[in-house]
Amino acid sequence: MNMKNIKSLLAISCFALASVVMHGNVMAQQANDPKFNKMMKDGFKADGIAGLDRIQQDETQKFCSDPVFANSKQGTKMREKIQKMNMDSIKQPSDGKYIGDWKKGEAIAQSGRGATWTDKADTVIGGGCYNCHQIDPKEISYGNIGPSLTGYGKMRGYSQEVVTYTWNRINNSKAYNACSNMPRFAHFKLLNEQQIQDVMALLLDPASPVNK
Amino acid sequence: MQRKFTLGLASGMAAALLMVSSSVSAQNSATDDIAKYREMIADGNPSELYEAAGEELWKKPAGPKNATLEKCDLGLGPGVVKGAAAQLPRYFKDTNKVQDLESRLMTCMQKLQGRDPQEMIDAPFQKGPKKDMEAIVAYVVTLSKGDKIKVSTAHPKEKEMYELGKRAFFFQGGPMDFSCASCHGEDGKRIRLQDLPNITTQKGAALGWGYWPAYRVSSGQFWTMQQRLNDCYRQQRFPFPIYASDLTIAVSMYMAKNANGGTVETPGLKR
Amino acid sequence: MSDPMRVRAAENGGIVDVKILMKHDMESGQRKDAAGKTIPAWHITTINVKANGKDVLNGQFGPAVSKDPFLNFKYKGAKGDKIVVSWVDSKGDKRTDEATAS
Amino acid sequence: MNQQRRSLLKYSAVFGLMASAGLISVAQAQEWNKAAFEGKSLDDVFKILGAGSPDKSSAVTLNAPDIAENGAVVPVGIVTTLKAEQMAILVEKNPSALAAQFYIPAGTEPFVTTRIKMGQTSNVYALVKADGKWSMAVKEVKVTLGGCGG
């Protein structure tokens with residue numbers, strides 16, 4: 001990084017800091033719009049487990065709802081801040097175990113159920129992994145919003161570094177990419193620790209069909 | 001096919017070039033087979049059954065005023081149904097609001113027939129007054145089939161609605177951080193085997209907006225655009241969008257305006 | 001009370017192509033309601049198609065025929081043939097609709 | 001088209017009334033073949049139809065997709081060069097194998113298309129009875145999971 005860049009970065013962050021102080025907002029992120037807020041408030045009603053708290057955005061969601069800013073140079077600092085915040089929230093497995101049962105992991109990856117207003121509070125939430133990823137090559141019905149995970153462990157190896165990265169990514173993908181399309185499975189308690197271990201096994205157990 | 005191949009490469013790992021390209025060709029044959037399947041069911045769209053029922057309801061006196069909907073103004077003047085769906089949503093002077101097809105039909109039911117719009121809003125989809133609404137929508141949209149989508153944002157309220165809709169389209173929330181854009185903001189994406197139109201582009205918006213309302217094979221039901229949006233929000237894990245709320249009309253306005261120049265293919269036949 | 005069918009019949013080279021859409025839930029007997037109770041089967045059982053009073057097709061449906069059934073077949077006939085389609089379902093409900101071959 | 005539909009509606013109302021008043025008996029020619037539709041396995045149905053173990057025949061064509069995007073609607077057609085008197089559609093892995101059966105009078109083409117439900121990926125059978133003998137065609141149809149699955 002050359003001097004000029006550092007200078008402009010400094011200038012930007014100073015300005016951002018100043019505007020935070022002045023307006024309670026970050027520079028160039030879309031302004032608060034009372035008309036929009038009212039439309040959202042009047043537009044939804046709570047139904048079953050889907051309460052109105054679901055449209056109360058956290059910092060990550062607010063930032064990512066403005067893709068123009070989020071992907072801009074000016075958004076860099078905020079992006080890094082959000083990634084750090086999400087990274088810091090990740091917990092390593094309490095029992096030290098990263099790899100569970102790949103067969104259970106496959107079932108979790110297949111299911112896209114749970115957490116809608118037609119579900120009950122005790123409906124088991126699926127990982128919905130196949131919605132966006134290719135995983136077991138035998139499953140032809142897979143989406144492509146995320147990258148293919150076929151051959152995941154075979155290609156990357158099974159080192160602790162790969163294991164930890166994968167654990168973190170499933171727990172909270174926003175730790176690496178602030179506006180990743182992937183849900184924060186641990187943060188919102190979509191999957192519990194054991195379920196994440198099982199999905200880990202689907203990707204990283206050498207016996208899993210993913211690595212055959 | 002070329003595009004999918006490139007995408008497959010981009011998202012795959014360079015180390016697995018061979019593997020990725022072979023699985024992409026398997027995928028292509030799967031999507032080709034799905035295309036064949038769709039072609040096989042395209043003939044005989046059960047929407048026709050709803051359309052016939054809707055025409056009857058349009059012409060049948062109903063409600064406290066025992067009147068028909070034949071004088072309903074959908075934007076092209078009282079009683080003009082042909083081509084009306086192609087120019088909605090739009091601003092209406094009498095209500096001083098931007099309305100989509102369903103909210104406008106509620107206005108007509110209220111003014112002409114004396115029916116209470118709240119009953120329509122509160123009714124579950126596919127039941128009671130909504131069942132009538134669905135049939136009437138099938139009838140109205142069929143009479144725009146083949147027309148060009150031509151939605152205006154000339155009126156300030158229309159322009160405002162479009163901008164609000166755009167913002168709502170990118171609004172993330174819920175326990176999965178989804179917005180409409182999570183699935184409909186990029187080209188060439190799929191959930192499972194379903195292609196996801198990129199609604200931020202004209203081509204993608206026309207593929208989405210132009211084919212709904214539709215008969216939905218998986219549920220065996222005719223779905224209006226309001227129900228289509230409702231289920232999108234359900235899958236987004238959002239709370240329940242209120243029927244014909246400004247939110248739903250704004251998102252519709254965003255899609256419809258983006259789709260301008262595309263063709264109305266409704267009623268469609270969907271998975 | 002059953003809803004009307006859509007019947008289309010088009011003659012081409014002495015062959016009439018008949019396409020029928022029936023409005024029926026065709027409940028399979030496999031589904032459960034919200035309370036977990038099995039929804040009993042309810043489906044069209046027999047369908048009869050006549051052209052100018054003469055049988056041109058008899059069909060029998062089980063619960064595995066799709067909701068809002070579609071049926072397409074062809075017979076030797078002419079423009080102007082009067083086509084009468086009738087179905088009966090497992091509760092004894094009936095429906096008859098008519099079309100003219102064009 | 002509208003005109004045609006209106007007359008269609010008018011006619012159907014009249015016919016519906018006649019039918020419900022018992023003035024015409026609807027589909028009187030056929031009794032529903034309860035036993036065949038309640039047969040569980042392919043063999044059950046073959047036995048009830050008196051089909052024995054039908055031979056595969058290239059004269060019978062089963063039109064069905066390789067993959068169905070949704071098991072609720074699978075288009076299936078049978079066409080044959082044989083002089084078909086009866087046709088039947090069977091799904092091996094459905095709870096009851098027989099989906100639909102057709103009686104083809106003289107003058108009707110040996111061609112029929114309909115749509116069926118399939119609970120899972122399965123072989124689909126097209127059976128044709130001609131000159132008193134049953135023949136068949138078989139095809140596997142894959143039923144995929146579509147959509148978000150929620």
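Labels below follow one simple rule: chain letters A, B, ... track the order of the sequence lines, proteins then strands, and each chain is numbered from 1.
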Heavy-atom closest pair, residues E27(C) and P63(C)
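That closest heavy-atom pairing would be O-CB, 4.1 Å.
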Discussion item. Tell me the closest heavy-atom pair linking S86(C) and T96(C), and the distance in Å.
Written reply: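 Smallest interatomic distance, heavy atoms only, reads OG-OG1, 3.1 Å.
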4.5 Å side-chain heavy-atom contact, [X] and [Y]:
| X | Y | answer |
| --- | --- | --- |
| I44(C) | M22(C) | yes |
| F61(C) | I47(C) | yes |
| K19(C) | L21(C) | no |
| V141(D) | D66(D) | no |
| S102(C) | E11(C) | no |
| V16(C) | F73(C) | no |

Contact origin within [X] toward chain D - heavy atom pairs under 4.5 Å:
| X | result |
| --- | --- |
| I20(C) | neither |
| K67(C) | backbone |
| S28(C) | both |

* Do N52(C) and K50(C) get their side chains close enough for a donor-acceptor pair, meaning under 3.5 Å? ->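 No, because no side-chain N or O of N52(C) sits under 3.5 Å from a partner of the opposite role on K50(C).
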| task | Would you please say whether a donor-acceptor pair under 3.5 Å links the side chains of N72(C) and D17(C)? | result |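 Yes - a donor-acceptor pair under 3.5 Å links their side chains.
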Engaged part of [X] at the chain C interface, taking heavy atoms whose separation is under 4.5 Å:
| X | answer |
| --- | --- |
| A72(D) | backbone |
| F37(D) | side chain |
| V79(D) | neither |

Name, in order of residue number, those residues of [range] that have a heavy atom at a distance of less than 4.5 Å from a heavy atom in chain C; otherwise write 'none'.
| range | value |
| --- | --- |
| residues 104-133 of chain D | I104(D), P105(D), A106(D), G107(D), T108(D), E109(D), F111(D), V112(D), T113(D), T114(D), R115(D), I116(D), K117(D) |
| residues 84-95 of chain D | N94(D), P95(D) |
| residues 39-65 of chain D | none |

Residue pairs fulfilling side chain to side chain donor-acceptor pair (under 3.5 Å) with at least one residue in residues 33-42 of chain C, sequence neighbours excluded =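 Checked against side chain to side chain donor-acceptor pair (under 3.5 Å) - neighbours excluded - the pairs reaching residues 33-42 of chain C are W42(C)-D89(C).
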Is the backbone N or O of K23(C) less than 3.5 Å from a side-chain atom of D68(C), with the two atoms forming a donor-acceptor pair by type?
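Looks like no, no N/O pair under 3.5 Å.
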**OP:** Look at the side chain of Q60(C) and the backbone N and O of N33(D), then say whether any donor-acceptor pair between them is shorter than 3.5 Å.
**Re:**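 Yes: the side chain of Q60(C) pairs with the backbone of N33(D).
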Q.
Would you say the rings of H43(C) and W87(C) are close, in the sense that their centroids are separated by under 6.0 Å?
A.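 Judged by ring-centre distance (under 6.0 Å), W87(C) and H43(C) do not meet the cut-off.
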Practice item. Count the heavy atoms belonging to other residues, nucleotides or ligands that lie under 6.0 Å from NZ of K142(D), then report whether that count exceeds 12. Key: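 No, NZ of K142(D) has 12 or fewer neighbouring heavy atoms, counting only those of other groups under 6.0 Å.
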query = Please walk me through it: do D55(C) and Y103(D) pass side chain to side chain donor-acceptor pair (under 3.5 Å)?
reply = CA-CA 10 Å; D55(C) 279 5; Y103(D) 296 82; over 6 Å; no
